Amino acid sequence: MHQFLEHLKLQDQEIKKSPSIHNKTFSEIIENEPESITDEQRRLRVWSSDYDPVTRSPFAKDVSHLQSLLEVLLTSKNFDRARKILEAIHPLLSEPHTFIFSVNKYLQTWSHDPSVHYGDLEQFFSTMEQRYGITANERTFAIILAKYISEDGPYISYLNRFSQSKKTQILSYIDVIGVEGLMKVFSDNSISIEDVPEDLVNLFREVRNELNDKETLISEPEYFNDDNTEVPTVDKDAESLRAVDSFGLKVIRHTLLGLREEADSKEIVSIIKQMEDGLGNQSWSDDEASKLDFFKVYKTLKTEEQREKFNSGLHSFNLTRQRRLEVRGADGAKEKWKHEFEEMQKRGALPLNKGLNAQLFQWYKNLLPYVKKEAEMCQKLMDGKVSKTDLSPDEKKLYKDREYYAPYMVLVPPEKMCVITILELLKLNSTGGIVDGMRAARALISVGKAVELEYKSQSLLKSEIKAFSKKVKSTNQWKRILSNKKNNIIENPDDSTDWSYTVYAKLGAVLTNLLLFVAKVPVKAHNPTTGKTITGSQPAFFHTYQFLNGQKLGVIKLHKEIIKQLAGRSLSNAVQPQLLPMLVAPREWHSYNDGGYLYSRSTLVRIKDSAETTAYLRKAADLGNLNEVYDGLNVLGKTPWTVNRRVFEIITRYWNSGEEFLDIPPIMEEPNLPEPLPVDAEPAQKFEYQRKLRSALNEAASLRSQRCDTNYKLEIARGFLGEKVFFPHNVDFRGRAYPISPHFNHLGNDLTRSLFLFWEGRELGERGLEWLKIHLANVYGVDKAPLNERVQFVNDNLENVFESARNPYDTDAWWKKAEKPWQALGVCFELEEAYKLENPTQYVSHIPIHQDGTCNGLQHYAALGGDIEGARQVNLLPADRPQDVYKYVASLVQKRIDAEAEEGNKYAVFLQDKITRKVVKQTVMTNVYGVTFVGATAQIKKQIDQYFSGEEDVADYARYLTMHVFNSIRELFEGAHLIQDWLGDAAKRVSKSVRIDYEDAKSNDGKPNHLSSVIWTTPLGLPCVQPYRISKNQLIKTNLQDISISDPFSASQVDARKQQAAFPPNFVHSLDATHMLMTAKACGDARLSFASVHDSYWTHAADVDHMNKEIRNQFVKLHSSNLVQELKEEFEKRYKNCLQVISISGEHPLAKEIKEVRRNNVKILGRAMTAADEIYLEKTRLEHLNSEDPEKVKIGKEMVTTVSVTEKYDLNSIVGTTKNFQILVPLTFPDIPAKGELDVEVVKESPYFFS
Amino acid sequence: MTSLRSFNPALAKHFSAPLPKFQYSFKHLARRETCQAILDKLDLTKKYTQPGKLDIVDVFSGYGLFSTMINYELKPRKHVIIENIKANVGLWKEKIRILENSNANRENFVLYNRDGYNWDTYEDLISKDKLISPSFQSRDKIHDELLIIGNLSPTKYESLIAQWIMCCAYNNWLQKYGRVRMLCFVPTATAKKFMSGPAFGKRNKSSVKRDLFTNSKLVAITETEDTVVAEGSGYDPRLLFKDQPILIPSKGTLPTNSDFALLEIEPENIVATTAIEEHEHFMQNLFYSPSKKVKDQLPFIGPGALDDLAPHIPDEIMVKGIRELTKSDWELLFHVYDNWPFRPSLLDQMDFIHEDSRNF
DNA sequence: TGATTATCTAGTGATATAAGTAATAGAAAATAA
DNA sequence: CTATTTTCTACCGACAATATCACTAGATAATAA
């Protein structure tokens, strides 16, 4: 015992600080620099639990910096520098075997250099082998093989050095060897089909039979253009659309989407021509391809065969467009500005309020030389052509800064960087709570990230071009040949390294600063003293700061003139083209970071700052645990959509009127500002004035941002009219799915949702027609009646429906009174069309029908708790009519209040007749999210405010009412609350626990660190890591201002409060997400079109019955096991090596015993015991107990620690007395609440479970 | 030590009782000797020569030793104690009870159980409850019938002292009756900042405003614990030299070892104009980076400010650091700014974060 | 030349910034005595 | 080790404070031996 305490004394000597390489510039890094790094420093650390095989490298930040430097230096062919970086990486790696990935990266890029020969590669590798003891993997061999091939070396004999299985693996690296290379290899007769990877067999066959279809060879892939080729725009259309333009609907189609490709449109146009007979007397000319309403054509097709052919032709056309969209988007924007600029010049004067685009082009022209110059300076610096010696201190600083970002500045052509900078700054207008401006930090980061995105798209494109070299067939055809290949063929998923925030910020700051410098706007003003009108130009952007509760906030503001020109519109081009909806199905998810768009990387899980989440995810992906998640998401991604043109036209008309209509806000008028006060007004009045002013401005800003947001949605929708579109999805950390494309997606409000149609159609049938009607009733607001009554409701209103469809603009049209009017209108159109047919059931419907869970969170809680009464209220039990929870709660509240009113309670008397469903709804909903009493009171207050004239104290009434609502909810969902409480308690214990690890436990203030997040695994295998930690801020100096961002690499303490409060809702959400993904998979397997908004599942009317069955089956399947019990077991495993702090009475015998142990230890230690010390001793004890050495075990058994003495006691019995003595005990979890009698199977028979 | 001439013997027993345990982050003078020394230094009897006419508004007096002593010295017509912290209200009720018993409260203490932070308190004090009715006096001199005492020692009340200073400029609140002297206990950090002169490291916007709108003295400071005070981390040395503040022994405070300072603030004769509001923004913009020079900070004044204003500003000011600017420098800059046609409106400069207030 | 000391630098932590706090209440965490 | 004071108050999608200075440790330059 004594010795351990002595050892503990030694531990006090500080561990040496690690070097910080992450903010060294490329030239400051020398190979092998950190030789001083010890194995101890390099040791892998754990995140939340040492049970999980998920680790954290202490140098992750440095390694990531070096890897990104390596990549960009290689791209710019600085091989010497890159090599230094490469060798600097090695000592920082906690797992040395991963070094091979970096080596391969170097090797591969280096091998493309013409001056390098295959001998050099082999030489280089053997050097590395000797120096670092790494072993080559198949990719390494593939790289060398590729060099052999390209130099016509003896590649076959090289390949034949390897065993057959190894050969096969080497050949599977298409991205390295390239299709052309593979063809060479395959054409060699010594290679047999057994050597060929399974997924390349097609290619192999193709090669061996190639002679048969030589004529399909074309000289080069169609998109293989240089960056400086012009992107065609269509003048005629731009002209004819200007009228629309003035209403605020700009057209993105011809700049972003209609990058017209003669070659590619040919195929689809010819298909359409072939089908002309079936299309009546319409005819199509070539150049109309870009204006085609593909959906309109598609709908008219009669046979399955036709449709298949059409879809296939369209796919090929769209694939090209999608590529262009992602890779060339920035050019499109520039061309549009240029076009308008030239038009303006032709017409002479440049009117002030017109021609925003021309203005932008002017900025672009002014900005370009500066950016070019900056890039040149960076290049010079990297070439070592700048001497550092005779610089002034200021210049030295500048130099140092430039040295940091230079490697990243020379990657993307200056032209593109200019466009990106302008677009980003305009896009961010009015974000982050800043009116007419943006947060500077966000702006800089965004610009930096946008450059990165551009660079990555470009390099992905380049590597694709390399893989499919020029001489092969059109890429599309090859892709088809290779389509059954599992992995991404154009990229190695291992080597994606994000740039650091420092790089984003510095790069962004350079570009932003230059733009702020050059961008001017013409102004006119009256000089108040002379009365003359002055004209001149002023900076278009203005860097300033704002104070928020006494905190400084860097801000970039836009000039009023620019704001005027934007006039509450959004800039269509500003939507990152890489993130628009897709024209082809997204790439399937194959890995945690591989899926979605073609040329930009998305992650499976949206991660805020948590490297921990990424680590867990990566591990899960490596273990193959995520496949079911992929499957579900892939179903969502494969659902093709189109825009509902009829509804769109109606919306546009109301939108263009500029007036308020339903949920369309009016065009902004001047905000209604309060009258200014005299200067010597009382302080109280002044502050009141400020308050009013703020609220007026806030209101105006809300309206405008709403209008702006809607504008974005409509513009994107317009761009995709008639198109077949897809939405790539990913999930939040709980597994809930979201479309990646912002603004316009089916998760939007009523207006947005009404624009969505399934591309595929399904004949209604009897049931489908009924469901269509039920859907109408639902969106109309009649969703609490039995299904037949809902059908009846629509039947009763059929005339109204038809009338709505025929005269939608009527002032008091029926559809406008619906709860969700736009969607109602959509259904009206559909029904009217259907009834035009003799037999409406034969109508081919495209509209999605929604099935919503009633209080989905509570449904899961009820299933978890087996709580029959709760289950009944949320329709888990079969019933004749749907239960309305809100109404029921309201009635419970009513009962309570009535009772108290009897007794003369004045609150009760007043509120007696004011208890409605609406009053309680929000509180019931948010109750699942753990709303507190105060929060709920605020909600209720808002609801009952209207009944008060001002004098009475509304808050008292609200509080009173809230109390009853809370009690009623608790009474009704007793089971749910028990579960909720259990989850909360478990989360609290975890987030307040201490790992048995001295280093972790030690902290400055003597209190133990709490480092364990709540982590659980969904039934589909997705690890959920709650990302709530106390963030540590990192300061980045840029030449615009310093910015602080939370350091994503810090492993700081958990935010216990947040962990606890958020766990119950997060857990339930992870379950509903699981349910959704399971249902998606099932529906996908049944080939239904499927979409979802968390707890609302969509499909064709005809397929609703089928989907409903799946919804119920999957729910039962999900809840067939005791999920809470499993969770508890998972927790017990994961946190078994953790201690928790509990408080007991100081008088308790255990307390006395512990005091005794502490006293003894203090004597030896010579200082006060900290919690960390106790943990250290306990850790030592456990190590000895678990040792192989019986001698050690013996010592362990004899050791007495503050923790070991607690083993004799039943801790649960101690808790409860006066608590003032804190002790450490092993982490345990309370027993789970007893499950009720509910058999989940019954939901299979419950019609209103989802409806 | 001289006699405690200002100590009210009637309260001797009261102040000999054990000190209250908790102070709600307020700090107080706890020794009669210290208070006496401060009162001697303030020499207020010369400034308020008509005892029968003086009203004292005493905010957050708390423990109240200093209040009772200043009361005993000045013998005011009314001494309004504004307090609403339960424990302190109790203390004051006790004091008044004692005084009433001993001499019918000839000290004229009135307890006003309201929140001293709230502006309405002062409004009601005069208009509704009419405890005092101050006279409007000319702004040529300091008001001699009204005195404000405020214990703003909790750091969170730093905003209050800042606002009280602005009331001097805007001639509102109690300052509308004339230039009313204020005696304020403030945290040491606040005193160091607010009392800094030009070029001192802690010079900030508030200290400029203090310069512009008031004539203030540092009356007393608490003893610093550590003998070694780093350069620039203490008070402005010129200030210490000029005002020769009384040193409050660290054991003479309640709670012990707490640090604070006493300021005597006399409003200057300022005419309230809208320009003052604009100047506030002007100062704020320049003070974004207080270590930079005027020429570096001018662009933050508004779009085009550097080009438009620079020609009107003398070079020697342009190269001065923001903190180095003196009162007259600032006045010159204000003048230039006032004449700039493109100067941004108050509305444009308002710091404002839009919050999404949408709910279901 | 090697050792020692002065000087410089980057990195870290603390503090200030503005200038209504509160219209609400009750538990939990933080902090001071 | 208690009592008081402060903090915070609904989940997710959705991301952010910055300038300055004093102080430290480690690196570099300078100096004297």
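Quick caveat, the model's predicted, so the values are computed rather than measured. When reading the values below, keep in mind they use all heavy atoms of this one structure, side chains included, and skip hydrogens, waters and symmetry mates. Letters A, B, ... are given to chains in the order of the sequence lines, protein chains preceding strands, and every chain is numbered from 1.
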Could you state the atom-to-atom distance from [atom1] of [X] to [atom2] of [N] in whole Å?
X         : N      : atom1 : atom2 : result
B/Ile161  : C/dA16 : CD1   : P     : 16 Å
A/Ile445  : D/dA14 : CD1   : P     : 16 Å
B/Tyr288  : D/dT20 : OH    : P     : 13 Å
A/Ile1036 : C/dT12 : CD1   : C1'   : 16 Å
A/Leu548  : D/dT18 : CG    : P     : 11 Å
A/Asp1042 : D/dT20 : CG    : P     : 8 Å
A/Lys1032 : D/dT18 : NZ    : P     : 18 Å
B/Arg203  : D/dA19 : CZ    : C1'   : 18 Å

Look at all strands and tell whether [X] reaches a base, only sugar-phosphate, or nothing, counting heavy atoms closer than 4.0 Å.
X         : value
B/Asn118  : base
B/Arg323  : sugar-phosphate
A/Ala684  : nothing
B/Pro290  : sugar-phosphate
B/Lys156  : base
A/Lys1058 : sugar-phosphate
A/Gln1041 : sugar-phosphate

- Message: Could you tell me how far D/dA10 sits from C/dT21 if I compare only their C1' atoms? Round to whole Å.
- Response: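 So the two C1' atoms sit 24 Å from each other.
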
- Message: Work out how far the P atom of C/dA33 is from that of D/dT5, and round it to whole angstrom.
- Response: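 After rounding to an integer number of Å, I get 10 Å for this pair.
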
Residue-phosphate contact under 4.0 Å: [X] side-chain N/O, [N] OP1/OP2:
X         : N      : result
B/Lys192  : C/dT15 : no
A/Ser1044 : D/dT18 : yes
A/Tyr1028 : D/dC12 : yes
B/Ser159  : C/dA18 : no
A/Asn1033 : D/dA16 : no
A/Arg439  : D/dA16 : yes
A/Thr932  : D/dA10 : yes
A/Tyr545  : D/dA19 : yes

Should the pair [X] and [Y] be assigned to parallel (<30°), tilted (30 to 60°) or perpendicular (>60°) ring geometry?
X        : Y        : value
B/Tyr157 : B/Phe26  : tilted
A/Tyr545 : A/His543 : tilted
A/His746 : A/Phe727 : perpendicular
A/His743 : A/Tyr712 : parallel

- Between the main-chain N or O of B/Lys292 and the side-chain N or O of B/Asp296, is there a donor-acceptor pair closer than 3.5 Å?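 No: the side chain of B/Asp296 does not pair with the backbone of B/Lys292.
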
Would [X] and [Y] count as having a side-chain donor-acceptor pair, cut-off 3.5 Å?
X         : Y         : answer
A/Tyr1028 : A/Asn1066 : yes
B/Thr253  : B/Ser258  : yes
A/Gln685  : B/Asn172  : no

- Side-chain-base donor-acceptor pair under 3.5 Å for B/Gln284 and C/dA18: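 Check fails, no donor-acceptor contact within cut-off.
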
- Selected nucleotide, minimal atom distance to A/Lys1037 side chain, candidates D/dT18, D/dT20, C/dG11: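 So the side chain of A/Lys1037 is nearest to D/dT20.
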
- Hey, which sits more toward the 5' end of DNA chain D by its nearest nucleotide, A/Gly550 or A/Phe733?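 It is A/Phe733, whose closest nucleotide lies nearer the 5' terminus.
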
- Message: Which is more 5' along DNA chain D, the nucleotide nearest A/Leu553 or the one nearest A/Leu1035? Just name the residue.
- Response: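 Its nucleotide being nearer the 5' end, the pick is A/Leu553.
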
- Item | 5' precedence on DNA chain C between B/Leu160 and A/Arg959 (nearest-nucleotide basis) |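 In this pair, the answer is B/Leu160.
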
- Message: Can you tell whether the side chains of A/Lys1037 and A/Asp1042 come within less than 4.0 Å, N to carboxylate O?
- Response: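 A/Asp1042 and A/Lys1037: salt-bridged.
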
- Task: Treat primed atoms plus P, OP1 and OP2 as sugar-phosphate and everything else as base, then score nucleotides 27-33 of chain C 5' to 3': B for base contact with protein heavy atoms under 4.0 Å, S for sugar-phosphate contact only, - for none.
- Result: --S---S

- Under 5.5 Å and under 30°: B/Tyr24 stacked on D/dT5: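 No.
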
